[in-house]
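Quick notes on the structure that follows.
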Amino acid sequence: MSSSLYRRLHGLFTKPNTLTPLPKTPKPTTLNTLEPLLPESSISSTDKRLRALVKKFKAASDSERFRTRNYGYEIAVRRLAAAKQFSYIEDILEHQKKYKNISNERFTVRLMSLYGKSGMFEHAHKLFDEMPQLNCERTVMSFNALLAACVNSKKFDKIGEFFRELPEKLSIKPDKVSYNTVVKALCEMGSLDSAREVLDEMEKNSFEPDLITFNTLLEAFYRNKSFSDAEKVWALMESKNVVPNTRSYNPKLRALISDNRISEAVELIEEMGRKGVKPDIFSFNALIKGFRDDGNLEEAKRWFGEIVRNDCCPDRSTVKMLLPFVCEKGDFDFAFELCKEVITRRFIIGTATMQLVVDGLVKESKMEDAEKLVELGKSNNYFHYKLKMAGDQEGKSGNGFPVDEDNGGLVLYDSVKEVRRSWFYLQHQEDTCKQCTLVSSSSCRNIGTD
DNA sequence: CTAGGGTTAG
C-alpha cells in the first residue's frame with residue numbers, strides 16, 4: 001500500500017468517531033475455567049440454559065467432525081453474544097486451544113472471526129498474537145481476519161495501525177481481501193468518498209476491484225440515498241466488466257422503496273429478470289415492504305406469490321411484514337393460510353400476532369379455522385402457544401415449555417434438519433437452495449411478529 | 001479471511 005494511503009487512513013482512523021460504544025467485553029484472561037458468578041438460587045432459567053449450552057458445546061468439541069463444521073460454532077456464539085455472555089464465549093473458544101486444530105490457520109482464523117462478530121476485538125487480537133506459540137502459521141489470511149475483526153467489533157481506529165505496521169513486521173503482503181475489508185471499514189465509518197478512493201489505491205497495487213468491492217460501495221451509497229454517486233460506481237463497475245449480481249441490485253431496490261419510488265422498484269426487479277439476475281428473498285421483501293407501507297394489500301400478496309413462483313423461500317422478515325398487515329386489512333383467510341404454513345414448518349410466530357389471527361377468525365365466525373389454528377399452535381413440538389378461544393378460562397391454555405431443556409440449545413441441529421425437510425424444501429433439491437438453509441438455520445427461533 | 005434488511009428468548 002502506498003504511503004499516501006497510509007497517511008489518509010491514519011488521518012481517518014485517528015479522528016474520533018461518533019459511533020456509540022459497544023457494551024464492555026471482558027479483557028482476555030488466561031483462565032479457561034468458568035466460575036459460577038452467582039449463587040445457584042439466583043441464576044435465571046435463561047442463564048441455566050446458556051450454561052447447559054456451554055457445557056454441551058465443550059463436550060461436543062471433542063468430536064473431530066463437530067470441530068470441522070463452523071455452523072455449530074456460529075449458532076452457539078451468536079446466542080451467547082445476544083445474551084451478552086461474553087465470558088461464556090471466551091470459555092468455549094479458549095477451550096478450542098486444547099485441540100490439535102489450533103495449529104491449523106483456517107481453524108484459528110474461524111475463532112478470531114467469531115470473537116470479532118461478538119464484538120470481542122481484544123480477544124481476537126490476542127489470539128492473533130498467540131498464533132506463533134500455538135504453532136500456527138500466520139499468512140495474509142489471519143491478517144485479514146484481524147482486520148475483519150476490527151470491522152465487526154467497530155474498532156475502526158485499529159485498522160490503519162495494523163495496515164501500517166503488520167505487513168512489514170510479519171512479511172505479509174496485503175491482498176484484495178485486505179483492501180475490500182478497508183473499503184468496508186470506511187463505508188461503515190461513513191467516509192464514503194475515502195472508500196471509493198481505495199479503488200485507485202488497489203489499481204496502483206495491481207489489484208482489480210471485484211464484485212465484493214463494488215457491492216460494498218453500492219450498498220453504502222444507496223443506503224445513504226446518494227443515487228447519483230451510486231450510479232457512478234455502477235457505471236465504473238460495468239466499465240471494468242464486473243457483472244452486477246443480485247446483491248448489487250438489492251440495495252438499489254431498498255433505496256427506491258425507502259424513497260417512495262415503488263414503480264421504479266418494480267421496473268428494476270423486472271430489469272433483473274431480463275438480465276438474468278435472479279431476485280432473492282431480499283429483493284421480494286423490499287417490494288413487499290413498499291406495498292405494505294403503501295397499504296396495498298393486493299400487490300403485497302401478489303409479490304408474496306412471486307416468492308414461491310421464483311423458487312425462493314419466505315423468511316422471518318416476510319412473515320413479520322405480512323401477517324400483521326393482512327390482519328389489519330381483515331384478510332383472515334390469507335392470514336390463516338400463512339400461519340398454518342409457518343407453524344407446520346416449525347417456524348414460530350409471536351403469540352400476540354397469532355392471537356390477532358385467531359380473534360379475527362372468530363370475529364368472522366370462522367370457528368373451525370380458529371380452532372384449527374389454536375390446536376396447531378398448541379401441538380407444535382418445540383414451542384407452546386398461550387392462545388385463547390373466546391370462553392376459555394384464564395390460564396387454561398398451556399404454559400410455554402422450553403426447547404429440549406437437557407440439550408443446551410444444540411437441539412437447533414435437529415430442528416434445522418426438520419425444517420430442511422419441510423417448508424419449501426418440498427419443492428426443491430436441498431443442495432440447490434442454499435438460501436433455504438440460511439432461512440431455516442436462523443428461523444428455528446421465534447419468527448417474532450410480536 | 002472480504003459485501004445483506006431489522007431483529008433475536010420467555
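All chains are named by letter (A, B, ...) in the order of the sequence lines, taking the proteins before the strands, and each is independently numbered beginning at 1.
- Distance from the side chain of A:N245 is smallest to B:dA3 among B:dA3, B:dT2, B:dC1.
- The separation between A:D293 atom CG and B:dG5 atom C1' is 13 Å, rounded to whole Å.
- In terms of polar N and O atoms assigned as donor or acceptor, the side chain of A:R254 never comes within less than 3.5 Å of the base of B:dG5 in a complementary pairing.
- Residues A:F284 and A:I269 meet the side-chain proximity criterion, which asks for heavy atoms closer than 4.5 Å.
- In this entry the distance linking CZ of A:R79 with P of B:dG10 reads 11 Å, nearest Å.
- Here the nucleotide nearest the side chain of A:E219, chosen from B:dG10, B:dG4, B:dC1, is B:dG4.
- To the nearest angstrom, C1' of B:dA3 lies 12 Å from CG of A:N152.
- Between A:D210 and A:R223, the residue whose closest nucleotide on DNA chain B is further toward the 5' end is A:D210.
- By the 6.0 Å contact criterion, CZ on A:R302 is enclosed, its count of non-hydrogen atoms from other residues, nucleotides or ligands being greater than 12.
- Summary of the strand contacts: A:A83 and A:N144 both lie near DNA chain B, and taking for each the nucleotide with the nearest heavy atom, the more 5' one is attributed to A:N144.
- Residue A:N285 has its side chain nearest to B:dG5 when only B:dG10, B:dT2, B:dG5 are considered.
- A salt bridge links A:E231 to A:K252: at least one charged side-chain nitrogen sits closer than 4.0 Å to a carboxylate oxygen.
- Taking 4.0 angstrom as the limit, A:K184 places a side-chain polar atom (N or O) nearer than this to OP1 or OP2 of B:dG4.
- No N or O donor and acceptor, one from the side chain of A:S317 and one from the base of B:dG6, sit under 3.5 Å apart.
- Remark: C1' of B:dA3 and OH of A:Y179 are 19 Å apart, rounded to the nearest angstrom.
- Residue A:T181 places its side chain closer to B:dT2 than to any other of B:dA3, B:dC1, B:dT2.
- The ring of A:F128 has its center no closer than 6.0 angstrom to the ring center of A:H123.
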field: For DNA chain B, the dot-bracket pattern of Watson-Crick and G-U pairs whose distances stay under 3.5 Å, | for other-strand partners
entry: ..........
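- Distance, A:L111 CG to B:dC1 P: 10 Å, rounded to whole Å.
- Ion pair A:D47/A:R51 flagged as a salt bridge, since at least one NZ, NE, NH1 or NH2 atom sits closer than 4.0 Å to an Asp/Glu carboxylate oxygen.
- Residue-environment remark: NZ (A:K55) stays at or below the threshold of 12 foreign heavy atoms within 6.0 Å.
- Stacking between A:F282 and B:dG4 is shown: the ring centroid lies under 5.5 Å from the centre of the six-membered base ring, and the planes differ by under 30°.
- The residues A:R247 and A:D280 are annotated as not salt-bridged, no charged nitrogen and carboxylate oxygen being separated by less than 4.0 angstrom.
- The A:D315 side chain lies nearest to B:dG5 when the options are B:dC1, B:dG5, B:dG10.
- Rounded to an integer number of Å, the gap from OH of A:Y249 to P of B:dG5 is 20 Å.
- With 3.5 Å as the limit, one finds no donor-acceptor pair spanning the side chains of A:D229 and A:N224.
- For A:N215 against B:dG4, a side-chain-to-base donor-acceptor contact under 3.5 Å is absent.
- Straight-line distance from the CZ atom of A:R196 to the P atom of B:dA3: 21 Å, rounded to whole Å.
- Closest approach to the A:K320 side chain among B:dT7, B:dG10, B:dC1 is made by B:dT7 (side chain taken as heavy atoms from C-beta onward).
- Out of B:dA9, B:dC1, B:dA3, the shortest distance to the side chain of A:A82 is found at B:dA9.
- Between A:K289 atom NZ and B:dG4 atom P the separation is 18 Å, expressed in whole Å.
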